[in-house]
Amino acid sequence: MVQSPENASQRIVIAGGGVAGLTLAVALKQALGESFCVIVADPALAGPARADSRAYAVAAAARNMLEALGVWRLAETAATPMTEMVITDSRTPDLVRPVFLSFDGEVEPGQPFAHMVENGALMAALLQVSRANGVELRAEGVRSGAADEGDMTAVSFAGGERLDCALLVAADGARSKLREQAGIGWVGWSYPQSGIVATIGHERPHEGRAVEHFLPSGPFAILPLADGGKLGHRSSIVWTEASENVAALLALDESDLLLEVERRFGLELGEITMESRPGAHPLSFGVARRFVGERLALLGDAAHVIHPIAGQGLNLGLKDVAALAEAIVDAARLGLDVGGADVLEAYEKARRFDTVAMGVVTDGLNRLFSNDSTPLRLARDLGLGLVERMPGLKRLFIREAAGLAGSTPRLLKGEML
């Protein structure tokens, strides 16, 4: 079925209903109102969300945006502020893990630099706000998008429908089919590592403290979650492990797997238990050669994938959202074409340098710390110790991690568009 192009210049289709795609839809719909049709298409929107153990570190700037959009008030009861960040550098068998660097978790008095929130709670909040604001949610994928010679692009849905729109946003993940169809190249590589994610219950409260143990196989992060579970308290772990070991680790029975976790988790929080069965995914770095095509914008993982060592993957995607929403809304209010080249160029200019810079930093950190080289260990521990003694530099790093450094789109300041 082919839909009439009526009002197509005020129609935007977002392929992908993850956190970035839904946040963009809410931002656009709230700013542009009923005059614009915003469609989010994703097969995963059919039926109840799948249970998973993913949790995100939502930086202060991203939280500002979610607060402005009315999403955070629905998710914050499940969110846990990070009040402190501690970094150690050791080997797995070490009984003592000295702290080389620690950060106060506040960027401003009473404002944590990040909150941990589980994927399920954040997605539920985004879906509720999307429906309340009139975002059209379609439980089907986008098969293709083809710009015509005029000022429209024809979007084909998996169910066979074709719909004209002014702009197609590819938020369809790191293996984006729409990016590939547009002929946009991808520069990247795989790491010999996988990320194992699970929720851990523990006996003692974490008090909002996040810990990152740098181990030879990669970082082992312990991130605070809301209280609950079998032992009363919970944390999320992001365990970077050599890929060749992952299958054997995940094949262990629960008691043996718990012993492996305990060797890395430590005994500081008392008895621990597995609250979820771990899941694993291979780690990689990648960035699109362009973030835009003809009437096409890449968003989130479709534009970039980085190592999780700094917990910035989701926040990069939400920065994309803030920049793209601002460019689209400003154009619409001036009566300009929201899918025009000027709008897309403004978005790419706003995001490309920051994204590449963050990718380089995370890649360098992973290469520096994921090894057991004695000279490198001495050098990095010396560097961590120097930073620990420089309060001004630590404040700069924490503001960068919070997403509040440099030029910031209005939404990330908590301002409505």
Parallel under 30°, tilted from 30 to 60°, perpendicular over 60°: which one fits the rings of His202 and His233?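 Geometry flag for His233 against His202: parallel rings.
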Walk me through whether Glu345 and Lys349 qualify under salt bridge (Lys or Arg N to Asp or Glu O under 4.0 Å). CA-CA 6 Å; Glu345 287 170 9; Lys349 182 178 180 181; over 6 Å; no
With no hydrogens and no angle check, is any side-chain donor or acceptor of [X] less than 3.5 Å from a backbone partner on [Y]?
X      : Y      : result
Arg179 : Ala288 : no
Lys319 : Pro409 : no
Asn7   : Gln10  : no
Asp104 : Glu106 : yes
Glu275 : Lys230 : yes
Ser130 : Val26  : no
Asn315 : Ala57  : yes
Glu241 : Gly218 : no
Asn64  : Leu412 : yes
Arg234 : Ala226 : yes

Taking side chain as C-beta onward, heavy atoms only, is [X] less than 4.5 Å from [Y]?
X      : Y      : result
Val321 : Leu299 : yes
Thr240 : Ile309 : no
Arg63  : Gln111 : yes
Asp227 : Pro205 : no
His206 : Val211 : no
Leu66  : Leu122 : yes
Leu336 : Val343 : no
Arg138 : Leu163 : yes

Looking only at non-hydrogen atoms, find the nearest pair between [X] and [Y] and report the distance.
X      : Y      : result
Arg295 : Gly340 : NH1-N, 4.1 Å
Trp186 : Asp301 : CH2-O, 3.8 Å
Asp89  : Phe214 : OD1-O, 3.4 Å
Leu250 : Ile196 : CD2-CG2, 4.3 Å
Ala242 : Ser217 : N-CB, 4.1 Å
Ala302 : Asp172 : CB-OD1, 3.9 Å

Residues in side-chain hydrogen bond (donor to acceptor under 3.5 Å, both in side chains) contact with [X], at least two apart in sequence or another chain:
X      : value
Asp354 : Arg351
Arg204 : none
Thr88  : His213
Ser284 : none

Evaluate the side-chain contact (heavy atoms from CB on, under 4.5 Å) criterion for residues Leu69 and Leu411: first the C-alpha distance (whole Å), next the side-chain angles of each, then the deciding distance (0.1 Å), finally the verdict. CA-CA 9 Å; Leu69 298 176; Leu411 278 172; 4.2 Å; yes
Glu415 vs Lys413, salt bridge (Lys or Arg N to Asp or Glu O under 4.0 Å): CA-CA, chis, key distance, verdict: CA-CA 6 Å; Glu415 302 171 7; Lys413 299 175 184 177; 5.0 Å; no
Using a 3.5 Å cut-off and no angle test, enumerate the donor-acceptor pairs between side-chain atoms of residues 34-48 and protein atoms at least two apart in sequence or in another chain.
| unit_1 | atom_1 | unit_2 | atom_2 | d |
| --- | --- | --- | --- | --- |
| Ser35 | OG | Leu32 | O | 2.9 |
| Asp42 | OD1 | Ala44 | N | 2.8 |
| Asp42 | OD2 | Gly17 | N | 2.7 |

Under the side chain to side chain donor-acceptor pair (under 3.5 Å) criterion, do Arg143 and Ser156 qualify, and how do the steps go? CA-CA 5 Å; Arg143 184 177 294 161; Ser156 296; over 6 Å; no
Within 6.0 angstrom of Met390 CE, more than 12 heavy atoms from elsewhere: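 Atom CE in Met390 is not crowded, with 12 or fewer foreign heavy atoms closer than 6.0 Å.
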Within a 6.0 Å radius of atom CD on Glu180, are there more than 12 heavy atoms belonging to other residues, nucleotides or ligands?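 Check fails, neighbour count at 12 or below.
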Apply side chain to side chain donor-acceptor pair (under 3.5 Å) to the pair Ser370 and Gln193, showing each step before the final yes or no. CA-CA 10 Å; Ser370 297; Gln193 300 167 311; 3.3 Å; yes
Rounded to the nearest 0.5 Å, how far apart are [atom1] of [X] and [atom2] of [Y]?
X      : Y      : atom1 : atom2 : result
Thr77  : Trp72  : OG1   : CH2   : 9.5 Å
Phe103 : Glu388 : CZ    : CD    : 8.0 Å
Leu376 : Phe369 : CG    : CZ    : 10.0 Å
Leu249 : Ser194 : CG    : OG    : 10.5 Å

Go through Thr153 and Cys165 one step at a time and tell me if the side-chain contact (heavy atoms from CB on, under 4.5 Å) criterion holds. CA-CA 5 Å; Thr153 190; Cys165 65; 3.4 Å; yes
Arg410 and Leu417: side-chain contact (heavy atoms from CB on, under 4.5 Å), yes or no, with the steps? CA-CA 7 Å; Arg410 297 195 296 275; Leu417 294 176; 3.5 Å; yes
Between Asp363 and Tyr191, is a side chain to side chain donor-acceptor pair (under 3.5 Å) present by the stated rule, with each step listed? CA-CA 10 Å; Asp363 180 72; Tyr191 295 109; 2.6 Å; yes
Qualifying residue for side chain to side chain contact (heavy atoms under 4.5 Å, CB included) with Arg264, from Thr92, Ile222, Ile237: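 Result: among Thr92, Ile222, Ile237, Thr92 is the only option passing the side chain to side chain contact (heavy atoms under 4.5 Å, CB included) with Arg264.
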Glu348: what forms a salt bridge (Lys or Arg N to Asp or Glu O under 4.0 Å) with it, not counting sequence neighbours?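 Checked Glu348 against salt bridge (Lys or Arg N to Asp or Glu O under 4.0 Å); zero matches.
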The test is salt bridge (Lys or Arg N to Asp or Glu O under 4.0 Å); show your working for Arg263 and Glu260 and say whether it passes. CA-CA 5 Å; Arg263 292 177 66 211; Glu260 289 294 332; 3.1 Å; yes
Step-by-step side-chain contact (heavy atoms from CB on, under 4.5 Å) determination, Phe285 to Val305: CA-CA 5 Å; Phe285 168 84; Val305 176; over 6 Å; no
Audit row: Glu268, Arg97, salt bridge (Lys or Arg N to Asp or Glu O under 4.0 Å) steps and yes/no: CA-CA 11 Å; Glu268 196 169 314; Arg97 290 181 176 157; over 6 Å; no
